[in-house]
Amino acid sequence: MPKVRTRYAPSPTGFPHAGNIRTALFNWLFARSQGGDFILRIEDTDIQRRVEGAVEDILGSLSWLNLLWDEGPYFQSERLSYYQEAARKLVEEGHAYPCYCSPQRLKELREEQVKRREPPGYDRRCRYYSWEERGKFEGTTPVIRFKVPLSGEIQFRDLIYGEVSLKCDTIDDFIILKSDGYPTYHLASVVDDHLMGITHVLRAEEWLSSTPRHLLLYEALGYSPPAFAHLPMILSPDKGKLSKRTGAPGVAELWRKGYLPEAVVNFLALLGWAFDDKTEIFSMDELIARFSLEGVSLNPAVFNLQKLTWMNGLYLRKKSPEEFARLLLSFLDRDLSSSVRRPLDPDYVAQVAPLIQERMRTLGEAAEATSFFFMLEVNFDPSLLKKSLPLLKMQTTLKVALENLELLSSFDTSSLEKLLRPLAESLNLKAGDLFQLLRLALTGRTASPPLFQTMEVLGKERCLHRIERAIMTIEQNVPSL
RNA sequence: GGCGCAUUCGUCUAGUGGCCAAGGACACCUCCCUCUCAAGGAGGAGAUCACCGGUUCGAAUCCGGUAUGCGCUACCA
């Protein structure tokens with residue numbers, strides 16, 4: 001058995017999204033699981049649609065997810081002579097022919113066909129020209145079209161979809177070489193897959209219907225074809241094709257939003273593949289060990305961001321405290337309001353980190369979740385409290401708390417608890433009510449990490465200051481007090 | 001229009017003729033834990049397995065048809 005070689009062959013016409021990268025993942029996993037090689041090839045044969053920065057984005061996305069390639073990237077635009085040579089050979093051997101029809105004529109032809117409710121397709125006008133007739137077109141650069149057999153049937157066995165067949169008379173003479181000298185996908189991918197020794201072509205299901213053409217090309221070129229495995233598409237929540245417009249984030253965007261690469265990989269692996277009826281958390285190594293084409297589903301999958309978000313929370317909680325603090329620091333530095341002084345103190349961030357590690361689903365939520373730790377002051381708005389006390393009671397409560405807190409020598413979690421629980425009782429308040437009041441004064445919110453831990457991290461000085469501010473706020477609201 | 005492929009809870013899926021009056025996960029609801037929010041734990045609701053026929057003692061699983069969805073049908077990939 002020859003060594004398995006797979007490839008990921010994106011075209012740089014946009015930034016990779018979940019669907020594209022899932023194809024890369026499956027190719028990568030299959031190669032790794034078989035001890036094979038994973039090759040990266042950039043299919044940049046459409047100079048019109050080329051997008052600036054797309055190649056960098058593709059490379060960056062793969063690297064971020066740790067889907068490293070063993071060979072490449074190869075660029076098809078640098079390999080034109082191979083395709084041109086193949087096309088020349090096909091023409092010479094009667095498998096292909098130059099076509100001089102103008103784009104204008106093809107357009108009209110198609111419109112005609114649609115109007116007459118005929119299947120659109122090239123009418124093969126140039127297929128039968130003699131050499132003399134071709135001479136008439138001296139000066140115009142033709143395209144090269146493949147001579148598809150007029151009858152017969154192509155059958156092949158897809159590793160995922162099983163037996164697939166297509167009658168030749170439903171395939172028109174497709175273009176293999178454009179007039180600008182660039183190949184179309186069909187020719188380029190066949191030539192390259194052969195030249196690069198690709199053994200397994202794993203690509204999106206949208207290519208399934210084109211595979212018979214490719215098989216025809218392999219045969220005419222005298223190549224033996226690789227195995228094909230088409231992967232189910234990934235759909236947008238609206239069940240349409242995945243695209244930015246319909247809410248499918250690009251890979252780069254996932255990183256910006258604070259998703260972890262290992263979570264993205266794990267989640268993507270589950271889109272169209274399953275190991276069993278229970279397991280769904282897999283490390284990269286487990287994925288490699290378990291991945292198989294048999295586990296690939298036949299149905300298109302809808303990209304479900306909610307589940308990714310849940311899974312990301314899981315991975316975030318799995319991080320070591322140090323690693324999590326490091327990540328947190330970089331996201332806070334980026335996202336915290338500019339009014340917060342930089343550079344951020346890494347030690348302080350490391351103290352904040354454990355308080356929110358299990359409360360976050362994406363790093364993108366970090367700044368919002370922790371801003372009160374970093375702001376100079378917070379707003380005290382008593383109306384936020386569910387069980388509101390009379391303002392007067394609030395004020396006296398805060399004052400008593402302040403006095404007691406001032407006297408506290410060690411401002412740590414357990415000392416704070418030892419002080420505040422009894423204090424609630426002596427003030428004739430439920431502990432929860434006191435704590436909520438303090439929480440609001442200290443954080444400006446009704447939800448935060450546990451109060452005493454939050455206070456310890458905030459530190460005595462900040463806490464006292466914020467309680468004083470809250471007391472003042474009440475006074476300003478009720479001047480007659 | 002033609003051709004191809006698919007069709008199990010809202011979503012991702014398990015299931016390859018009896019173990020399935022269909023299992024797991026996300027989301028949702030309830031309860032427990034609890035100073036709030038999370039996390040965690042325990043429950044709940046949610047799928048006549050697209051539909052109709054057939055094969056079989058027996059079908060989500062096999063076959064045929066219909067419907068629906070998606071894809072291909074470009075000098076795009």
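Every chain is numbered from 1 and lettered A, B, ... according to where its sequence line falls, protein lines coming before strand lines.
- Remark: A/R127 fails to qualify as a cation-pi partner of A/Y129 under the 6.0 Å distance and 45° angle criteria applied to the six-membered ring.
- By the ring-ring contact (aromatic ring centres under 6.0 Å, His included) test, A/Y218 is found to be paired with no residue, residues two or more places apart in sequence or in another chain being considered.
- One can find a donor-acceptor pair under 3.5 Å joining the base of B/rC75 and the side-chain atoms of A/S179.
- Spacing between atom CD1 of A/I281 and atom C1' of B/rC12 amounts to 12 Å, rounded to whole angstrom units.
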Taking only nitrogen or oxygen atoms into account, show me every contact under 3.5 Å that the protein makes with nucleotides 62-65 of chain B, one pair per line with its distance.
none

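- Within the cation-pi definition used here (under 6.0 Å to the ring centroid, within 45° of the axis), A/K318 qualifies as a partner of A/Y315.
- For A/E358, the side-chain contact (heavy atoms from CB on, under 4.5 Å) test picks out A/R317, with sequence neighbours left out.
- Residue contacts shown for A/S165 are limited to sugar-phosphate atoms, with no base heavy atom under 4.0 Å away.
- At the heavy-atom level, A/T184 lies under 4.0 Å from the strands shown only through sugar-phosphate atoms.
- With sequence neighbours excluded, the residues satisfying ring-ring contact (aromatic ring centres under 6.0 Å, His included) with A/F374 are A/Y348.
- Base contact: A/V143 has a heavy atom under 4.0 Å from a base atom.
- Across all strands, A/G313 comes closer than 4.0 Å to no nucleic acid atom at all (heavy-atom distances).
- Atom name P, nucleotides B/rA50 and B/rA22: the rounded distance is 15 Å, in whole Å.
- The stretch residues 97-114 of chain A touches RNA chain B through A/C101, A/P103, A/L106, each having a heavy atom within less than 4.0 Å of the strand.
- Within the nucleic acid shown, A/Y161 comes within 4.0 Å of sugar-phosphate atoms alone, with no base atom in reach, counting heavy atoms only.
- Pairing for B/rC75 is absent, with no Watson-Crick or G-U wobble pair whose two atom distances lie under 3.5 Å.
- Protein atom CD1 of A/I175 is 4 Å distant from nucleotide atom P of B/rC75, rounded to whole Å.
- By the ring-ring contact (aromatic ring centres under 6.0 Å, His included) test, A/H186 is found to be paired with A/F174, A/H214, residues two or more places apart in sequence or in another chain being considered.
- The partner of B/rA50, taking Watson-Crick or G-U wobble pairs whose two distances both stay under 3.5 Å, is B/rU66.
- Rounded to whole Å, the distance from CG on A/D158 to C1' on B/rA6 is 13 Å.
- For A/Y100, the ring-ring contact (aromatic ring centres under 6.0 Å, His included) partners are A/F137, not counting sequence neighbours.
- Computed from coordinates, the A/E206 CD to B/rU73 C1' distance equals 14 Å when rounded to whole Å.
- Checking A/T362 against A/N312 by side-chain atom types alone, no donor-acceptor pair falls below 3.5 Å.
- Contacts with RNA chain B (heavy atom under 4.0 Å) in residues 146-155 of chain A: none are found.
- Side-chain contact of A/T309 with A/R361: a donor-acceptor pair under 3.5 Å is absent, judged by distance alone.
- Cation-pi check for A/R445 over A/F372 is not met; the charged atom does not lie both under 6.0 angstrom from the ring centroid and within 45 degrees of its normal.
- Within the shown strands, B/rG41 is the pairing partner of B/rC31 under the Watson-Crick or G-U definition, both distances less than 3.5 Å.
- The separation of B/rU8 from B/rU30, taken at their P atoms, amounts to 30 Å, rounded to a whole angstrom.
- Straight-line distance from the CG atom of A/L308 to the C1' atom of B/rU11: 13 Å, rounded to whole Å.
- A sub-4.0 Å separation between OP1 or OP2 of B/rU13 and a side-chain N or O of A/N299 is absent.
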**OP:** Please assess A/E280 against A/K307 for the test salt bridge (charged side-chain N to carboxylate O under 4.0 Å, His left out), listing each intermediate value before the final yes or no.
**Re:** CA-CA 11 Å; A/E280 50 180 7; A/K307 187 156 182 176; 3.2 Å; yes
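- Among the protein residues, A/T45 comes within range of the sugar-phosphate backbone only, with heavy atoms under 4.0 Å from sugar or phosphate atoms but none that close to a base.
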Original post:
Base, backbone or nothing for each nucleotide of nucleotides 32-48 of chain B, written B, S, -, heavy atoms under 4.0 angstrom, 5' to 3'?
Top reply: ---BBBBSS--------
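- The gap from the P atom of B/rG10 to that of B/rC49 amounts to 13 Å, rounded to the nearest Å.
- Residue A/L187 contributes atom CG, which lies 16 Å from atom C1' of B/rA74 at whole-angstrom precision.
- Judged by a 6.0 Å distance limit and a 45° cone about the ring axis, A/R41 is not positioned over the six-membered ring of A/Y74.
- Only the P atoms considered, B/rU73 is 29 Å distant from B/rC63, to the nearest whole Å.
- Judged as a side-chain contact (heavy atoms from CB on, under 4.5 Å), and not counting sequence neighbours, the contacts of A/A301 are A/L271.
- If you measure from atom CZ of A/R203 to atom P of B/rG71, you get 17 Å, rounded to the nearest angstrom.
- Straight-line distance from the NE2 atom of A/H186 to the P atom of B/rC76: 10 Å, rounded to whole Å.
- In this structure, B/rC26 forms a base pair with B/rG10, meeting either the Watson-Crick or the G-U wobble geometry with both donor-acceptor distances under 3.5 Å.
- Remark: B/rC57 base-pairs with B/rG18. Criterion, Watson-Crick or G-U wobble with two distances under 3.5 Å.
- In this structure, A/S209 reaches the bases: a heavy-atom distance under 4.0 Å links it to at least one base atom across the strands shown.
- Sorted by first then second residue, the ring pair (Phe, Tyr, Trp, His ring centres under 6.0 Å) pairs that include residues 421-449 of chain A, not counting sequence neighbours, are A/F435-A/F452.
- Legend: residues meeting side-chain contact (heavy atoms from CB on, under 4.5 Å) with A/N299, ordered by chain and number and at least two apart, are A/S297.
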